[in-house]
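Atoms considered below: every heavy atom in the structure, side chains included; atoms not considered: hydrogens, waters and symmetry mates.
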Amino acid sequence: MTSSETGRVPERLVALAQKAAAPQLTEAALVRRFGPRSTWVPARGQIWRALRDDIGVLVLLLAVDTNSVTAVPVTIELIADNSEAMLIEDEVTSLQGAVTVWPGLRRQLPSSTLDRPVDMVGADLLGRIVDRVTRPGEVPGAASSWSVDPALSEAKAALEDDLAAMAEVTATEAETTETETTSGINIDALEPEVLDEVAARLNVPLPVVLDLIDGKRATTGQEAAIMREILGAAPTAAPPPLGLVRELNQPRWRGLARQRRRREELTDSEARLAMAYEVSAMAARQTGDQEPAWPDRIRRWAEAHQLDPDAAE
């Protein structure tokens, strides 16, 4: 639930939703169950905590694609089976109580919204949930609650809003076509003294200036203004390699992106984009035109920046 919902939804449901969005799993328990963070791979039947900005929802994965997952939300509040909700008894999951799955709220979400795995359901239960998703309808013998309990309708509406916000595709999640940079700056015609002046004004090493001019890094507004002042133009960065963007959108690197974000007060999307350009630039210097093994390159970049992809939060 978002904070804007707290004035409308009864406190009981708000508290339950907050519990659902942040299960109390220790770091040691996560590693024992799913391995180190940089090895996490989403899989069908897993329950994950999904996060985007201040929105958190538990989701059960029904299908996993290259850059997205198909999922249904899971909440802790207990609701009798009806056409929208499916009660899962205590012994089926390890979430310390019965949970409710919402088959009618299936959504496709970017993989980058997945923050951490929290549980996994068995094949039999997953089959029953998929059956409810693909064949929606009133459960025999179960009365619908929506017409008689406005609180449940509001809870459903809040879930729909949260999922809709999470499903929005950001720039680093889009499948963009790679293009060449067209900065209009002829780097071969620049005197070394000019490049040194740019480096000094930007307070960055010379290789970073060269990467900016080559379009291997995105410029900030301030960097672009300084380069226009000195060089007469500001470079436009080409999109990072699509394979790298896809790799960085995987949840195994979310902790690394979070560390990068905190250093410079960026959003999640901005942090991933900055990482993509920096990893790409490092890889280009090391491998030339050959397609690198991106997970290895990301780890090398993290080591160079004293960041740990497996660090606990």
Side-chain angles (χ1 to χ4, degrees), residues 1-2 15-76 88 92-97 99-102 105 107-122 125-126 129 159 162-163 165-168 170 172-173 246-262 266-269 271-272 275 295 298-299 302 307-313:
M1 303 287 178
T2 61
L16 290 169
Q18 291 172 341
K19 180 181 178 184
Q24 299 302 309
L25 291 181
T26 66
E27 194 70 23
L30 278 174
V31 172
R32 283 196 304 270
R33 186 90 185 268
F34 299 102
R37 290 172 179 269
S38 62
T39 66
W40 289 350
V41 178
R44 190 170 182 263
Q46 290 178 344
I47 297 176
W48 282 70
R49 182 178 70 178
L51 287 180
R52 169 158 283 174
D53 298 327
D54 62 343
I55 300 172
V57 180
L58 278 185
V59 294
L60 170 65
L61 307 188
L62 304 181
V64 177
D65 204 347
T66 302
N67 213 32
S68 65
V69 296
T70 302
V72 292
V74 177
T75 55
I76 305 298
I88 307 301
V92 179
T93 74
S94 59
L95 293 178
Q96 300 179 348
V99 298
T100 299
V101 177
W102 301 69
L105 298 183
R107 292 290 186 278
Q108 188 173 44
L109 304 175
S111 298
S112 61
T113 61
L114 300 182
D115 180 63
R116 64 169 62 191
V118 297
D119 206 354
M120 177 177 286
V121 302
L125 174 58
L126 182 62
I129 294 171
L159 273 175
D162 289 350
L163 291 169
M166 286 192 172
E168 293 179 358
T170 68
T172 55
E173 294 157 353
R246 287 174 172 170
E247 180 63 29
L248 284 173
N249 281 335
Q250 297 305 309
R252 54 182 165 267
W253 306 117
R254 180 154 189 161
L256 193 58
R258 185 176 289 115
Q259 295 172 59
R260 178 68 170 78
R261 180 196 71 193
R262 287 171 178 164
L266 305 172
T267 66
D268 283 339
S269 180
R272 285 196 305 274
M275 288 171 57
I298 293 170
R299 289 188 178 92
L307 299 175
D308 183 1
D310 294 319
E313 295 180 26

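Taking 4.5 Å as the limit, every side-chain heavy atom of L105 sits out of range of all side-chain heavy atoms of V72. W253 is listed as a side-chain neighbour of P295, based on a closest heavy-atom distance under 4.5 Å. Looking only at side-chain heavy atoms (C-beta outward), R107 and L159 stay at 4.5 Å or farther from each other.
Atom CZ of R261 sits about 12.0 Å away from atom CG of L256, to the nearest 0.5 Å. For the atom pair OG1 of T100 and CG of L58, the computed distance is 11.5 Å after rounding to the nearest 0.5 Å. Atoms CG and CD, on L114 and Q46 in that order, are 9.0 Å from each other to the nearest 0.5 Å. Atom CG of N67 and atom CD of E247 lie 10.5 Å apart (nearest 0.5 Å). With rounding to the nearest 0.5 Å, the separation of CG in L163 from CH2 in W102 is 10.5 Å. Between atom CZ of residue R246 and atom CD of residue Q250 there is a gap of 10.0 Å, rounded to the nearest 0.5 Å.
A donor-acceptor contact shorter than 3.5 Å is absent between the side chain of S68 and the backbone of D65. Between the R254 side chain and the T113 main chain, a donor and an acceptor come within less than 3.5 Å of each other. Side-chain atoms of R260 do not come within 3.5 Å of backbone N or O of R272 as any donor-acceptor pair. Judged purely by atom type and a 3.5 angstrom limit, W40 uses its side chain to pair as donor or acceptor with the backbone of G35.
Across all non-hydrogen atoms, the minimal contact from L248 to M275 is CD2-CE, 3.6 Å. Smallest separation of non-hydrogen atoms from R252 and T39: CB-N, 4.3 Å. Residues Q259 and D308 approach most closely at NE2-O, 2.7 Å, considering heavy atoms. Nearest heavy-atom pair across T66 and S111 is O-OG, 4.4 Å. A311 and R37 get closest at one heavy-atom pair: O-NE, 3.2 Å. The shortest heavy-atom contact between G56 and L51 is CA-CD2, 3.6 Å.
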Test log, rule side-chain contact (heavy atoms from CB on, under 4.5 Å), inputs L62 and L126: CA-CA 8 Å; L62 304 181; L126 182 62; 4.0 Å; yes
Yes or no on side-chain contact (heavy atoms from CB on, under 4.5 Å) for V118 and R33, after CA distance, side-chain angles and deciding distance? CA-CA 9 Å; V118 297; R33 186 90 185 268; over 6 Å; no
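Remark: S38 pairs with D310 by the side chain to side chain donor-acceptor pair (under 3.5 Å) rule, at least two apart or across chains.
Ion pairing of D162 with R52 is absent here, as no side-chain N (NZ or NE/NH1/NH2) approaches a carboxylate O to less than 4.0 Å.
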